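Since we're looking at a predicted model, the values are computed, not measured.
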Amino acid sequence: MGFYNLLLFCTFVFTQSESEWESWKKNRDLKHQNSPTSFLNASSLVNTEKGNSLYLIHESDRKKTQWVKTKPKKFLAHAEHIGDQIRIKINELTWAYLTPGENNNRKNFKLPNGAWAEIVYGKRTEKMWAYLYDPDQIKSFSGFKYFPYNQSAVIKGSFKKTPEKVISYKTVQGEPAEVRKIGHVSFLLNNQEHTLSAYSWQEPSEVKKSIALIFVDSTAPQETYAGGRELMVDLTDPKKDQQQLVLDFNKTTNFYCVHSPFWHCPVGLQEKINQPVRAGERLPLSKVQTK
């Protein structure tokens with residue numbers, strides 16, 4: 001390949017990669033900013049164990065609307081954790097049953113005052129979680145912040161599968177949780193070698209089509225979330241024990257806890273990259289720390 005053709009090829013790859021990244025950012029924004037039950041709109045959260053109930057007190061003032069554990073005289077909805085099911089009643093009429101399964105473990109509904117309520121069956125802790133969302137909160141959100149596109153942050157990685165190992169951790173809510181370590185990924189970034197654990201939140205019986213890399217680098221806590229960032233990586237072949245992957249750190253995201261205190265982000269899973277990774281999502285401008 002001549003120099004001119006090589007230049008055209010490199011320019012083409014760069015343009016295509018950056019164009020695809022711009023599309024990824026746009027789709028991410030649409031997904032989280034256009035949903036009334038986006039984590040960006042979460043305004044409160046309560047939970048309870050099996051055998052207990054939660055009651056939804058509805059007021060025209062959204063700030064006074066709340067889930068409570070003690071039965072009030074008047075309530076709009078009632079969620080009861082009965083063994084391996086959660087029964088949801090609205091105005092005393094049974095509306096739905098939730099189970100721990102992936103496709104039936106949450107339900108949400110719009111309230112007369114415009115807020116949204118959601119009930120979730122916690123698959124790992126078997127707790128019942130109840131959220132409230134205020135769709136108007138999104139008006140104060142100025143968008144996700146990213147480093148400029150960094151072509152040098154698109155690199156090759158080598159994935160090696162290992163026997164699955166259950167890793168226990170706690171969330172920022174203090175709840176115990178588990179994730180499966182299924183291997184590790186080695187890569188060279190800015191002439192430095194690194195190895196990160198490859199995690200999966202999927203069940204053992206499920207085919208692993210992607211892995212999660214969880215890390216904190218030297219841009220934290222001034223520019224990125226001190227609790228770590230996550231990069232989801234597609235596997236080229238879920239059945240292979242070893243394979244080459246494309247790691248695009250431009251698609252690294254902060255954990256949702258940096259935007260909402262009502263989320264369940266992991267604590268202690270992040271591994272250190274001893275250099276700055278100036279690619280992907282940055283801290284919201286309101287949380288940027290100055291030295």
For the hydrophobic clusters of this structure (ILVMFWY residues joined by side-chain heavy atoms under 4.5 Å, transitively), does one cluster hold both Leu189 and Val185?
yes

Please indicate whether [X] has more than 12 foreign heavy atoms, meaning atoms of other residues, nucleotides or ligands, lying under 6.0 Å from its [atom1].
X      : atom1 : value
Lys240 : NZ    : no
Gln192 : CD    : yes
Lys107 : NZ    : no
Lys50  : NZ    : yes

Can you list the residues that meet the ring pair (Phe, Tyr, Trp, His ring centres under 6.0 Å) rule with [X], with sequence neighbours excluded?
X      : result
Phe75  : Tyr55
His184 : none
Trp67  : none

State, with a plain yes or no, whether a side-chain heavy atom of [X] is found less than 4.5 Å away from one of [Y].
X      : Y      : value
Tyr121 : Met128 : no
Trp263 : Val172 : no
Thr236 : Leu245 : yes

Parallel, tilted or perpendicular, as decided by the 30° and 60° cut-offs, for the rings of Phe39 and His259: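 Tilted, since the angle between the ring planes falls between 30° and 60°.
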
Q. Rest of the hydrophobic cluster containing Tyr97 (Ile/Leu/Val/Met/Phe/Trp/Tyr, side-chain heavy atoms under 4.5 Å)?
A.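 So far as hydrophobic clustering goes, Tyr97 is joined with Ile82.
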
Excluding Leu188, membership of its hydrophobic cluster (Ile, Leu, Val, Met, Phe, Trp, Tyr; side-chain heavy atoms within less than 4.5 Å) reads none

Return a table of donor-acceptor pairs under 3.5 angstrom between the side chains of residues 207-218 and protein atoms on other chains or two or more places apart.
{"from": "Lys208", "atom 1": "NZ", "to": "Glu164", "atom 2": "OE2", "distance (Å)": "3.2"}
{"from": "Lys208", "atom 1": "NZ", "to": "Glu203", "atom 2": "O", "distance (Å)": "3.1"}
{"from": "Lys208", "atom 1": "NZ", "to": "Pro204", "atom 2": "O", "distance (Å)": "3.4"}
{"from": "Lys208", "atom 1": "NZ", "to": "Glu206", "atom 2": "O", "distance (Å)": "3.0"}
{"from": "Asp217", "atom 1": "OD1", "to": "Thr219", "atom 2": "OG1", "distance (Å)": "3.4"}
{"from": "Asp217", "atom 1": "OD1", "to": "Arg229", "atom 2": "NH2", "distance (Å)": "2.8"}
{"from": "Asp217", "atom 1": "OD2", "to": "Thr219", "atom 2": "N", "distance (Å)": "2.9"}
{"from": "Asp217", "atom 1": "OD2", "to": "Thr219", "atom 2": "OG1", "distance (Å)": "2.7"}
{"from": "Asp217", "atom 1": "OD2", "to": "Val277", "atom 2": "N", "distance (Å)": "3.0"}
{"from": "Ser218", "atom 1": "OG", "to": "Gln275", "atom 2": "O", "distance (Å)": "3.3"}

Can we say Glu223 and Arg278 salt-bridge, meaning some charged N sits less than 4.0 Å from an Asp/Glu carboxylate O? yes

Side-chain H-bond candidate by donor/acceptor type, [X] with [Y], under 3.5 Å:
X      : Y      : result
Thr37  : Glu118 : no
His264 : Tyr256 : no
Glu271 : Ser197 : yes

I'd like to know if the side chain of [X] and the backbone of [Y] have a donor-acceptor N/O pair within less than 3.5 Å.
X      : Y      : result
Asp29  : Trp24  : no
Asn254 : Arg282 : yes
Gln173 : Pro261 : yes
Asp134 : Asn41  : no
Glu230 : Thr252 : no
Glu20  : Glu18  : no
Ser186 : Ser158 : no
Asn91  : Leu93  : no

Notebook entry, point to check: Ring centroid separation for Phe249 and Phe187, is it under 6.0 angstrom?
Noted result: yes

_Stacked cation flag Arg28 on Phe144, 6.0 angstrom / 45 deg_ =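 Cation-pi check for Arg28 and Phe144: passes.
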
Can you name the residues that form a side chain to side chain contact (heavy atoms under 4.5 Å, CB included) with [X], not counting sequence neighbours?
X      : answer
Lys25  : Trp21, Glu22, Tyr146
Ala42  : Tyr133, Ser260, Phe262
Lys127 : Asn47, Glu49, Thr125, Trp129, Glu175
Lys239 : Asp237

Residue set satisfying side chain to side chain donor-acceptor pair (under 3.5 Å) with Thr65, at least two apart, ordered chain then number -> Asn113

### Message
Test of understanding: with side chain to side chain donor-acceptor pair (under 3.5 Å), list the residues that count as partners of Trp201, not counting sequence neighbours.
### Response
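By the side chain to side chain donor-acceptor pair (under 3.5 Å) rule, Trp201 matches Tyr169.
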
For Ser152 and Ile155, the nearest pair of non-hydrogen atoms, with its separation, is O-CG2, 3.4 Å

Would you check, one step at a time, whether the test ring pair (Phe, Tyr, Trp, His ring centres under 6.0 Å) holds for Trp116 with Tyr131?
CA-CA 8 Å; Trp116 282 74; Tyr131 293 85; over 10 Å; no

**Study point:** Test side chain to side chain donor-acceptor pair (under 3.5 Å) applied to His81 and Ser53, step by step
**Key:** CA-CA 6 Å; His81 198 331; Ser53 295; over 6 Å; no

